[in-house]
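The next block holds one structure in the form of structure tokens; read it before the comments.
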2 protein chains.
Amino acid sequence: MKQEIGYITSLIGDPVRTKILWTLLDGRAYTATELALCADTSPQNISMHLSKLVQADLLAVESQGRHKYYRFSRPEVAYAIEAIGNLIPDEKHKKITGNTNNAAIKHCRTCYDHLAGKVGVLLTEQLIEQKLIEPEGAVYLVTKKGRSFFSEFNIDTDELKKSRRIFAKPCLDWTERKPHLAGALGAAFLEKMLLSDYFRKTKDSRAIVITAKGREQLYDRFKIQA
Amino acid sequence: MKQEIGYITSLIGDPVRTKILWTLLDGRAYTATELALCADTSPQNISMHLSKLVQADLLAVESQGRHKYYRFSRPEVAYAIEAIGNLIPDEKHKKITGNTNNAAIKHCRTCYDHLAGKVGVLLTEQLIEQKLIEPEGAVYLVTKKGRSFFSEFNIDTDELKKSRRIFAKPCLDWTERKPHLAGALGAAFLEKMLLSDYFRKTKDSRAIVITAKGREQLYDRFKIQA
DNA sequence: GGTATAGTTAAGTGTAGATTGAAGTGTTAA
DNA sequence: TTAACACTTCAATCTACACTTAACTATACC
């Protein structure tokens, strides 16, 4: 039973669970009650749904005091949800989540734990253009020039490669339909840019706002007018 | 309603519809009754499910006489289903579809309309190794050497590029977890290899058998012992 | 200690939507 | 021109499983 796709699809298929997964796509860990709010349902109900998702190894839990934090158990889950997002009938992507601020989310957002949207795609294209990373098969390699670039952000690429997680790979952007940088490097890069206050996360959305500082840097380094 | 993921996930979530989608993953077009057999349900029921999938633009229909042939409306649907396949709990992939011939399907199969499985991945690696195609961003480019290679198979790569479909891209293999060649080129390549009788499709499975001729060619050209 | 908050578990209920049965349209082939 | 076949449509039925109500455990903080 557990080894069939039907098991996975039926899990993903429930509207409440879909909302949970869609919410977690911003890469943050959420508590059960936060998710209950997002999915607009009761604590008991969300608890039931979450336990099913954990049992199927789609989500992982971590207890912190009386809170329980839920997040994706592995990046493939996020990739699959994104792939499903790609199937949403086009029609100019009118209502993306039923929310309103779709312009912002198309422009600049997180995809699991890395940068996506128009800005994410442009940035990735520039990293390649400037020969900081280069595509090789279905992954990206970091060039010598790239290694020193990332070290400016306190990212030790050699150290990152040691992690179990895939180092750097393209992830298809569901609004731009072009690839953006994902994997351990993509995650680290976004993390450092958030730390450097180039970007700031928004409260209840995957949208990300670009700070004045970030705007300046994006233009100076990459000629991106964000 | 139609512009939300919940709409898509709930469609994919039904067990009968999942079976339909999983079956169509071999790239063939199936009639309604064939699909009813695969999904082990009644004609009326399959008709209802199919019409929902068509309405959502996940499937396309073509009438031929009194038959109706169903297939994926676009490659992204197949990619999404494959991405979900990647989420099946590992445990050595014991029961892949509930069928028995899992060894064959892991070794050599179709993924939508191109070659996948161990052989598909090895072949793709060799195409890169021999500099017939080269990765560039999230797509593959065909080298000059590659152009003449494919023309041996009566594939006019320049002509192929004119189609709306993405020319050549890596697709993550859900058994090998490595990329294999997809897109218009991947589809054309498999088509020609089937025509040349290197491979033959099997009746009710995505598994593909390698002919003696194919085995020879794979070794001679690519040093692949299949 | 006591009280508030976070989350879980168990039993009973309700309903969306899959399934079935019966009757229909259009197509093929004898 | 009849019969068999491929598929659809429309009610009627059935049922899995999400949701609720209620009682419970565990942690936090005063």
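A, B, ... follow the sequence lines: proteins, then strands. Residue 1 opens every chain.
- Between Tyr79(A) and Lys169(A) the shortest side-chain heavy-atom distance falls below 4.5 Å.
- OP1 or OP2 of dC7(D) lies within a sub-4.0 Å distance of a side-chain N or O belonging to Thr33(B).
- Ranking dC7(D), dA29(C), dA4(C) by closeness to the Arg66(B) side chain, first place goes to dA29(C).
- Within 4.0 Å of Ser51(A), counting heavy atoms only, lies no atom of the nucleic acid at all.
- Minimum atom distance to the side chain of His67(B) is reached by dC7(D), of the listed dC7(D), dT8(C), dA6(C).
- Within the 4.5 Å cutoff, no side-chain heavy atoms of Val77(A) are placed close to those of Asp57(A).
- Residues Asp40(A) and Lys19(A) are not paired through a salt bridge, judged by the lack of any N-O separation under 4.0 Å between the basic side chain and the carboxylate.
- Between the P atom of dA6(D) and the OH atom of Tyr69(B) lies a distance of 10 Å, rounded to the nearest Å.
- Summarising the geometry of Asp26(B) relative to Lys201(B), their closest heavy-atom pair is O-NZ, 4.0 Å, with the distance given to 0.1 Å.
- When side chains are defined from C-beta on, Leu50(B) counts as touching Leu35(B), because their heavy atoms get closer than 4.5 Å.
- Across all strands, Tyr70(B) comes closer than 4.0 Å only to sugar-phosphate atoms, never to a base (heavy-atom distances).
- The two atoms that bring Leu115(B) and Cys108(B) nearest to each other are CD1-SG, 3.9 Å, heavy atoms only.
- Protein atom OH of Tyr30(A) is 18 Å distant from nucleotide atom C1' of dA6(C), rounded to whole Å.
- To the nearest angstrom, C1' of dG7(C) lies 16 Å from CD of Glu62(A).
- Closest contact between the side chain of Lys68(A) and the listed nucleotides dA29(C), dA28(D), dG7(C) involves dG7(C).
- When the nearest nucleotides of DNA chain D are assigned to Glu34(B) and Gly65(A) by heavy-atom distance, the more 5′-ward of the two goes with Glu34(B).
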### Protein-to-nucleotide contact annotation, 5' to 3' order, nucleotides 13-24 of chain C [B base; S sugar-phosphate only; - none; under 4.0 Å, heavy atom]
-----SBSBB--
